[in-house]
Amino acid sequence: MTTSSQSEPDQSLEKTYQPQALESHWYRFWEEKGYFAPSGTGKPFSIVIPPPNVTGSLHMGHGFQESIMDALIRYNRMRGNNTLWQVGTDHAGIATQMVVERLLEAEGKTRHDLGREAFIDKVWEWKQQSGGTITRQLRRLGASPDWSRERFTMDDGFYKAVQQVFISLYEEGLIYRGKRLVNWDPKLHTAISDLEVINEEENGHLWHFHYPLSDGSGQLTIATTRPETLLGDTAVAVHPEDERYQHLIGRSIKLPLTEREIPIIGDDYVDREFGTGCVKITPAHDFNDYEMGQRHNLPLINIFDSDARLNDNVPAAYRGMDRFAARKQVVADLDNLGLLEKVEDHKLKVPRGDRSGVVIEPYLTNQWYVKTKPLAETAIAAVADGQIRFVPEQYANMYFSWMRDIQDWCISRQLWWGHRIPAWYDNQGQVYVGRNEQEVREKYNLDAQLPLKQDDDVLDTWFSSALWTFGTLGWPEETEALKTFHPTSVLVTGFDIIFFWVARMIMLTLHFRRQVPFHTVYVHGLVRDGHGQKMSKSKGNVLDPIDLIDGIDLKSLVQKRTSGLMQAHLKQKIEQQTRKEFPQGLAAYGTDALRFTYYSLASRGRDIKFDVGRIEGFRNFCNKIWNAARYVLMNCEGQDCGQDGSEDYALSLADRWIISRLQEAEQAVGEGIESYRFDLASQALHEFFWNSYCDWYLELCKPVLGADDASAAQKKGTRRTLIRVLETTLRLAHPLMPFITEEIWQRVKSLAGEEGESIMLASYPQADPNKIDTGAVADLEWVKGVVTGVRNIRGEMNISPGKALPALFRNGSEEDRQRLRDNRQFLTRLASLESITWLESAEEAPMSATSLVGDMEILVPMAGVIDKDAETARLGKEIDKLKKDLGRVEGKLNNPSFVDKAPGAVVEKEKAKMVDMRGALSKLEEQLGKINAL
RNA sequence: AGGACCAUAGCUCAGCUGGUUAGAGCGCUGUCUUGACAUGGCAGAGGUCGGCGGUUCAAGUCCGCCUGGUCCUACCA
């Protein structure tokens, strides 16, 4: 491996770009040197990482997000800011507990076999074992957080912060415990918050049942999607103004199967148009019915146990039945009684747990809640008054609409893995909140003999992650880090967790710090596959960022995508699809190419489709940089590159031009990063380096460096420019492509007069308007015009690129003549010309192919090389295009209201355009005429 | 039901407060192994900017309606 420039400074770059070796080398170097820690000087800039699940692994979404954060961090670090990227991981309650339970299941055990203590030990063990995966993968991405400050949402310090927050909120009356309906997950046996419930439309049925009136005078027909809840009905409701049923309000129903008498009530919640206009009311198993039950003092009959099986509150025949079995049974029984009127197909939204996928049951339990309304008010204000800015702005609306209608947040979870709720109960169920049992006894003056039992529940994971920005910086201690880096500068996150995380962070941080958690929220889109599909295991379209970096053969890729599938029947389809899409597997593109791809796709927060063709293109870009650097080094190593402070060098037109272009590129890249338009930043960089530096500048250097007649000063000026522009571009690109830039920079820095141990600590290039030379830009545009004109003739006429052609210039101005005198060598070389001769107006021109640069004509004599028909066609094409455009311009200028009303400058511009076009057109037409006359 | 976003070249996308001949990458066609690079060079083809209407001297860009798509929130049992 030749990546160590320290030991072998003179060794040139390997012939081909091979990312693998150099990436691990430089990462180790940076980390060992401690470069990721804040410098301690400059303006503070800080970002907290959205903490990934400690036992998780890196997916494309992480890759995208961390790449963006790392670019911001490296950019700010190079700008001289005191830059902190705070890193850490989340304990991810439900997700982690589920993983460990699945491991136990493989051994035929459940968590209950182990008991709480032993199970938690097991989870810690699992964290120990797999917890390093994601942080190792972050390193592979080149992420540069301060690892020495790494935190975990269940470390000791965080535990303190969580307790403090819970206890304070409780004491302020903002946390309370209450018995009410919650979203119950019968598989995971825990309550979950509204946000964790996914409502998807599914096909179901609407059953119409007859409920007989108690007095036997008739019946009411109700419509329901959930027949089994009949067993918990405590009323039937109709609209109070519904003439069909009005008279029945106050009377009662004899509830079938139960023989219970339940009232008929009037409530304007009922929609007269839907179903039959009569609704069965089950206050214990439906959120709306619950509300209605409260309004009408209806009893609550809970008919389920925690598995959602029917409990002892139902007739013996149904006890112990699963809810879905009970549904069938109830329908059958009512049918037998002749009470089933009909069954209709019906689409309905079915609530499912986002983790378990099972149908969520509204279920009456005791839970802890955060009273969110008071917290939301200040949180709304912070965004409304601009203390927090969303990028793109439209996400602020999403935030507002949710916050204005926010519901209390259920924060208790019936899990074992998580922050245990700091509350104790005596035998009477009296609750005492405090840091530990001893403190509770002291605080509440409890008798030492009074038995206390801690709450079994843990807190929602998002409760602890809501404290992330200040908790990681040492709160509740008033640390230096907290004072320096809070509020953080920007939060980089996906729109999917604005409610889960961002909103709650804003609420709790404002409450406890009287500070916003961050000034800007940059919301990025979701990474989808090349066809716009969400990446998911079951679709088998997941791409692993690490595989894109290291490459993976087809066999392993198929293996990876088809193993551990929940539904085995998908296996074949996924395998086929994978073999078709990636017949060669994935090549090893390297981290820099992957990162650059992410940036190129990061526009305005919309979803991105990750096309593997794209990363290949940017791997090629890396290769281009590599080879350009090889060429530069080849010409500069061991040579005087004009870095000794003496001024004995001369800058050519090309030198002055590329320096001008570099300023523009610096401007564009900087603006792109500052405005979170990484697509624009990466594009500006790509365009500058490939199209300006490589395609033109390097080619323009060749005649100078290779010419015998070029002076030492000219050669020195060219070498100086060559190496300095390369070196600057590397710094410009470093936040986006950290590895390749470091590798090359180490070889280039001293030649370019730079010092320093690492590019990541070097200064970020700033555009200098004084270096923009508009004259040089115009002159070089002329050179490009001539070269491109000849090349066009050559290309279209199929003349071999090796064949040197004579060229005649005609109708040139004094400026054209001066430009030719200055740049003859460039034109000869780049256009591969044998000679360039001015044709005086009196002279007869030989039959030629023609190209125009302004008013000047370039003639390439046709004798022997150009075929008449091809030239006719080529000119015809040019003429058609000109005519079309000219027509448009003339139309505009002939329109009096345009000339009257448009600003003068616009009109002048159009007039000048018209003159140019007319001139060009007449020259081309004349030329076409001559050729046709042959 | 309410709201947001999107529709530009075969594909993926830029196009800022309305004013160059609408751009890029990939793909495609032709050609060239020239001492940095075939992971490359050079040249080229390809678009009535989803539809209709409006504002304006001027609309891909602003406004309205329509069509198609994505998503969020709420929810009628």
Side-chain angles (χ1 to χ4, degrees), chain A residues 13 15-17 199 206 222-226 229 237 269-282 286-289 346 348-349 392 394-395 397-398 401-402 405 495-496 498-499 526 530-532 587 589 593 600-601 603-614 616-635 675 677 679-680 683 686-687 691 694-695 698-699 702 787-788 791-802 832 877 881-882 884-886 888-889 892 895-903 905-907 909-910 913 917:
Chain A
L13 295 170
K15 175 131 198 217
T16 53
Y17 164 62
N199 289 296
L206 191 60
I222 59 94
T224 182
T225 55
R226 299 206 52 193
T229 61
Y269 157 80
V270 177
D271 178 355
R272 277 172 281 189
E273 309 301 317
F274 188 89
T276 59
C278 300
V279 193
K280 60 190 271 317
I281 303 300
T282 321
D286 180 281
F287 290 100
N288 289 311
D289 292 4
H346 182 66
L348 73 163
K349 294 274 178 124
Q394 72 252 22
Y395 287 105
N397 293 328
M398 191 167 145
S401 62
W402 189 70
D405 198 29
F495 69 92
D496 50 330
I498 289 180
F499 305 142
L526 205 70
H531 311 286
Y589 298 112
S600 74
L601 296 167
S603 71
R604 297 222 178 263
R606 48 196 261 182
D607 286 358
I608 64 175
K609 297 182 192 171
F610 195 95
D611 174 17
V612 173
R614 215 95 184 184
E616 187 179 339
F618 292 126
R619 188 272 319 266
N620 296 351
F621 180 49
C622 291
N623 187 250
K624 190 78 179 174
I625 297 173
W626 187 262
N627 281 291
R630 285 180 61 222
Y631 170 79
V632 173
L633 284 170
M634 200 178 283
N635 282 284
S675 60
R677 290 299 304 270
D679 58 329
L680 300 182
Q683 203 187 348
H686 187 270
E687 206 265 338
N691 301 117
C694 293
D695 287 348
L698 291 189
E699 295 307 318
K702 288 174 183 174
V787 171
T788 307
R791 281 176 177 173
N792 177 271
I793 292 170
R794 192 189 288 276
E796 295 273 289
M797 297 300 136
N798 256 325
I799 302 167
S800 143
S832 190
K877 202 165 67 180
K881 189 165 164 5
L882 259 179
K884 204 176 110 198
D885 297 334
L886 182 61
R888 198 161 19 200
V889 174
K892 259 191 209 178
N895 178 354
S897 51
F898 170 72
V899 181
D900 287 350
K901 296 189 180 169
V906 173
V907 177
K909 210 163 157 185
E910 291 298 312
K913 210 156 66 183
M917 283 175 164

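The figures here come from the full heavy-atom set of this structure, side chains too, leaving out hydrogens, waters and symmetry mates. Naming: A, B, ... by sequence-line order, numbering from 1 per chain. A quick note: this is a predicted structure, and the numbers were derived from the prediction, not measured.
Where pairing requires Watson-Crick or G-U contacts shorter than 3.5 Å, the helical stems of RNA chain B with at least three consecutive pairs are B:1-7 with B:67-73, B:10-13 with B:23-26, B:28-32 with B:40-44, B:50-54 with B:62-66.
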Show the distances under 3.5 angstrom between N or O atoms of the protein and N or O atoms of nucleotides 53-63 of chain B.
residue, atom, partner, partner atom, Å
C57(B), OP1, K901(A), NZ, 2.7
C57(B), O4', S897(A), O, 3.4
C57(B), O2', N895(A), ND2, 3.2

Using the 3.5 Å cut-off, write out each protein N or O paired with an N or O of nucleotides 72-75 of chain B and the distance between them.
residue, atom, partner, partner atom, Å
A74(B), N6, K349(A), NZ, 2.9
C75(B), O3', N288(A), ND2, 3.3
C75(B), N4, K349(A), NZ, 3.3

Strictly under 3.5 Å: I want the nitrogen or oxygen pairs between protein and nucleotides 28-30 of chain B, one per line.
none

Enumerate all atom pairs, one protein N or O and one N or O from nucleotides 8-12 of chain B, separated by less than 3.5 Å.
residue, atom, partner, partner atom, Å
U12(B), O2, R614(A), NH1, 3.4

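Note on E687(A): nothing from the nucleic acid sits closer than 4.0 angstrom, heavy atoms only. Residue contacts for C278(A): at a heavy-atom cut-off of 4.0 Å it reaches no nucleic acid atom on any strand shown. If you check every strand for non-hydrogen atoms under 4.0 Å, R272(A) touches nothing.
Between the D286(A) side chain and the T282(A) main chain, no donor and acceptor come within less than 3.5 Å of each other.
Where G802(A) and L680(A) meet RNA chain B, the nucleotide closest to each residue was compared, and L680(A) sits on the side nearer the 5' end. Each of A629(A) and H686(A) has a nearest nucleotide on RNA chain B; the 5'-most of these lies closest to H686(A).
In this structure, the CD atom of Q394(A) is 19 Å from the P atom of U70(B), given to the nearest Å. U34(B) atom C1' lies 15 Å from atom CG of N627(A), rounded to whole Å.
Residues passing the salt bridge (Lys or Arg N to Asp or Glu O under 4.0 Å) test with D679(A), sequence neighbours excluded: R677(A). E687(A) meets the side chain to side chain contact (heavy atoms under 4.5 Å, CB included) test with R661(A), N691(A); sequence neighbours excluded. Considering only residues two or more places apart in sequence or on other chains, Y269(A) meets the ring-ring contact (aromatic ring centres under 6.0 Å, His included) condition with none of them. With sequence neighbours excluded, the residues forming a side chain to side chain contact (heavy atoms under 4.5 Å, CB included) with R272(A) are H239(A), E241(A), D242(A), R244(A), listed by chain and number. Residues passing the ring-ring contact (aromatic ring centres under 6.0 Å, His included) test with F499(A) are W402(A), sequence neighbours excluded. Residues that satisfy the side chain to side chain donor-acceptor pair (under 3.5 Å) test with D496(A), not counting sequence neighbours, are absent from this structure.
An OP1 or OP2 oxygen of A36(B) is reached within less than 4.0 angstrom by a side-chain nitrogen or oxygen of K702(A). One finds no side-chain N or O of R619(A) lying less than 4.0 angstrom from the OP1 or OP2 phosphate oxygen of G40(B). Contact between the side-chain N/O atoms of T225(A) and the OP1/OP2 oxygens of A77(B) is not found at any separation under 4.0 Å.
Look at the C1' atom in both U33(B) and A38(B): the space between them is 7 Å, to the nearest Å.
For D611(A) and R614(A), the salt-bridge test fails: no basic side-chain N is under 4.0 Å from an acidic carboxylate O.
Contacts classified as salt bridge (Lys or Arg N to Asp or Glu O under 4.0 Å) and involving residues 793-802 of chain A (residues at least two apart or in different chains) are given here: E796(A)-K877(A).
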CA sep, side-chain torsions, deciding dist, call: Y631(A), K702(A), side chain to side chain contact (heavy atoms under 4.5 Å, CB included):
CA-CA 10 Å; Y631(A) 170 79; K702(A) 288 174 183 174; 3.1 Å; yes
